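What follows is a single structure, written as structure tokens, with notes after it.
Keep in mind that this is a model prediction, so the values were computed, not measured.
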Amino acid sequence: MPADLLRRPGGTAPTVPVAPPRRRTRVFALVEARWAAAALALFLLALPLQLAGAPAWSWGPLYALTYLTGGWDPAREGLRALGARTLDVDLLMIVAALGAAAIGQVRDGALLVVIFATSGALEALATARTQDAVHSLLDLAPATATRVSADGREETVPTAELAVGDTVLVRPGERVGADGRVVAGASEVDQATITGEPLPVAKGVGDEVFAGTLNGTGALRVRVERDASDSVIARIVAMVAEASGTKAPTHLFIEKVEQRYSLGMVAATLAVFAVPTALGAELADALTRAMTFMIVASPCAVVLATMPPLLSAIATAGRHGVLVKSAVVMERLGQVDTVALDKTGTLTEGTPRVTAVRPLDGSGLTDDDLLALAAAAEHPSEHPLARAVVDAARARRLHLPAAEEFTSTPGVGVTATVGGRTIAVGAPARPSDGTDDEEELLAGELEDAGHTAVVVRRDGAPVGVLGLADRPRPEAAATVAALAALTGRTPILLTGDNSRAAARLAAETGIAADDVHAGLLPEDKVRAVRRLAADGRTVLLVGDGVNDAPALAAAHSGIAMGRVGSDLALETADAVVVRDELTAVPAVLALSRAAHRLVVQNLVIAGTFICALVAWDLAGELPLPLGVLGHEGSTVLVGLNGLRLLRDAAWHRASRSGGPS
């Protein structure tokens with residue numbers, strides 16, 4: 001079973017696969033970012049001049065250019081929406097900014113334009129980065145493959161030209177060029193990008209292989225069974241794009257009433273101006289009253305009621321290792337009622353560890369003797385299981401004798417001469433081989449418990465069995481319990497690993513057996529997420545690999561583990577746990593719920609101020625300075641209330657309510 005993945009036959013230099021170049025759009029390659037940066041720079045030039053008392057001719061043109069550079073794109077989008085008979089926030093904010101300038105509040109209008117342009121640039125950047133990650137995934141599949149003709153001739157052809165029925169040669173260390181089935185050869189293939197399995201899988205005649213997976217030390221001949229456009233890798237790309245495009249529209253709470261509020265405010269402002277004018281009021285008085293109404297009724301305080309708590313929560317989460325990509329995401333995380341968890345690299349560490357050392361009776365070996373013997377034979381190998389055995393021996397500070405005449409056989413194991421004895425470390429023999437009953441019993445017990453069993457033989461006779469498994473993160477069980485307490489449901493396990501390993505992990509972390517779904521391909525994970533959503537659940541998926549990306553996109557919210565996560569998972573996810581601290585997941589959910597409570601408080605405060613000021617302006621004569629003071633005062637009040645989540649105490653409270661900190 002263990003094999004030297006990188007060593008070529010004959011002792012030649014190992015083949016190290018070169019990672020595909022990472023595509024990454026530069027910030028200033030986006031036109032939205034360039035315009036937003038220009039607007040910000042102009043505003044920062046104008047503001048100190050105005051505050052210093054410089055003449056208006058020095059800062060006025062700078063503010064005008066701020067309006068132009070930051071406002072032309074939102075204005076264009078707003079006019080397009082108006083042409084489609086909808087009134088969106090783009091046009092409303094531009095009108096509000098121009099209205100503020102019309103009554104002398106030039107600085108406030110310019111600030112509104114800068115904030116709005118910056119928000120649009122960040123949204124454009126997030127979209128571009130996600131597209132980069134999706135396109136980079138295609139680079140996993142090699143550009144060329146070695147096609148073998150019927151007469152045995154080999155030719156290098158682009159993988160796009162491979163047709164169903166072609167036979168391709170996959171040499172040691174190469175990536176598989178197409179989805180197909182092995183017709184000759186044996187090797188071990190690392191297919192973590194597709195299934196998430198932490199260990200390479202032995203492949204022989206009749207076994208299926210996937211494009212983009214990494215071949216080990218053996219040569220394989222593969223008959224192509226799918227066109228490049230229908231490969232698993234291509235389907236992952238398509239599923240990410242489809243899930244991102246068909247995801248239910250998400251908006252902040254205040255945006256859900258945006259249309260009605262915007263239409264009502266515009267209509268009311270026109271009425272406040274038109275009715276008194278029609279009744280004979282002075283034009284200047286009617287205009288001032290209408291502008292005052294527009295200011296006190298404008299949604300600035302309402303918008304600030306929503307944004308500061310969410311942005312403060314984002315900043316606090318960021319300081320504690322969780323990158324939440326937008327205010328919409330932070331709001332949506334608090335609505336989650338079902339959590340689906342990936343296994344390898346999410347609930348587990350993602351690397352195998354020695355979990356059992358079992359010498360056979362009569363071998364004369366202690367646990368340390370058996371482990372040292374296996375580690376000495378495995379020492380020259382680069383296979384993940386071999387590294388795990390060697391690391392376990394080093395952790396016990398065992399002396400490893402020198403190994404000679406090392407050989408590795410893909411899918412079988414390694415053999416070496418240690419201390420003059422032939423030591424073989426590999427897969428257990430099958431019962432039909434008529435081997436030792438104790439060996440079969442020990443290996444069977446370990447495999448039934450979800451471990452990988454490795455048999456150690458000395459001069460052909462078995463002397464012991466090692467058990468290896470991917471170890472759960474220390475905080476996995478506590479995190480599962482915290483998520484269950486927050487959502488009212490035990491999390492669900494979705495994994496591409498085998499059912500025995502999944503069942504073992506579920507038992508160790510407190511996940512119910514009925515909530516374990518193993519052996520899943522990426523499309524299976526997407527179907528599982530969509531089934532949960534169809535049942536009316538708001539689903540959060542936590543994962544780390546390429547195979548998790550489609551489900552991350554399909555779920556209502558997705559969180560990726562940052563340290564071990566693939567580029568595609570990191571870009572597709574709505575939030576990233578940068579430090580790989582699993583307990584941060586329930587903590588950020590609890591923080592989102594705290595932000596929602598502050599949003600509700602702020603909406604009550606802002607609504608009260610708006611109603612009082614509007615009533616005063618309509619029923620009496622609200623002086624413009626007093627209207628501005630009341631409007632700005634309510635804005636400051638809700639802003640300060642929202643900033644309460646900036647304190648570290650907010651994260652610690654969320655950690656206590658979401659699990660151990």
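- Scanning all heavy atoms of the two residues, the minimum distance from S187 to N215 falls at OG-OD1, 2.7 Å.
- Side-chain atoms of S592 come within 3.5 Å of backbone N or O of G334 as a donor-acceptor pair.
- Using a cutoff of 4.0 Å between basic side-chain nitrogens and carboxylate oxygens, R353 and D470 are not scored as salt-bridged.
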**Message:** Between E208 and R226, is the salt bridge (charged side-chain N to carboxylate O under 4.0 Å, His left out) condition met? List the steps.
**Reply:** CA-CA 11 Å; E208 186 177 22; R226 295 190 190 99; 3.1 Å; yes
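- Salt bridge absent: R527 and E523 never bring a charged side-chain N and a carboxylate O closer than 4.0 Å.
- R396 meets the side chain to side chain donor-acceptor pair (under 3.5 Å) test with D368; sequence neighbours excluded.
- In this structure, the side chains of K203 and E188 stay at 4.5 Å or more apart for every pair of heavy atoms.
- In this structure, a donor-acceptor pair under 3.5 Å is present between the side chains of T355 and H451.
- For the residue pair D544 and T346, a side-chain donor N or O sits within less than 3.5 Å of a side-chain acceptor on the partner.
- Within a 6.0 Å radius of CG in D535, more than 12 heavy atoms belonging to other residues, nucleotides or ligands are found.
- Between H320 and H652, the angle of the ring planes goes over 60°, which puts this pair in the perpendicular group of the 30/60° scheme.
- For T316, the side chain to side chain donor-acceptor pair (under 3.5 Å) criterion is met by no residue, not counting sequence neighbours.
- Using a 4.0 Å cut-off between charged side-chain N and carboxylate O, R471 and E508 make no salt bridge.
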**Request:** Please report the C-alpha distance between R181 and D207 in whole Å, then the side-chain angles of each, then the deciding distance to 0.1 Å, and finally whether the salt bridge (charged side-chain N to carboxylate O under 4.0 Å, His left out) criterion is met.
**Result:** CA-CA 6 Å; R181 202 164 294 276; D207 291 330; over 6 Å; no
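- Sorted by first and then second residue, the pairs that involve residues 475-490 and meet salt bridge (Lys or Arg N to Asp or Glu O under 4.0 Å), not counting sequence neighbours, are D337-R489.
- Residues T348 and L505 form a side-chain contact, since some pair of their non-hydrogen atoms from C-beta on lies under 4.5 Å apart.
- Between D367 and R358 no salt bridge is recorded (no basic side-chain N to carboxylate O distance below 4.0 Å).
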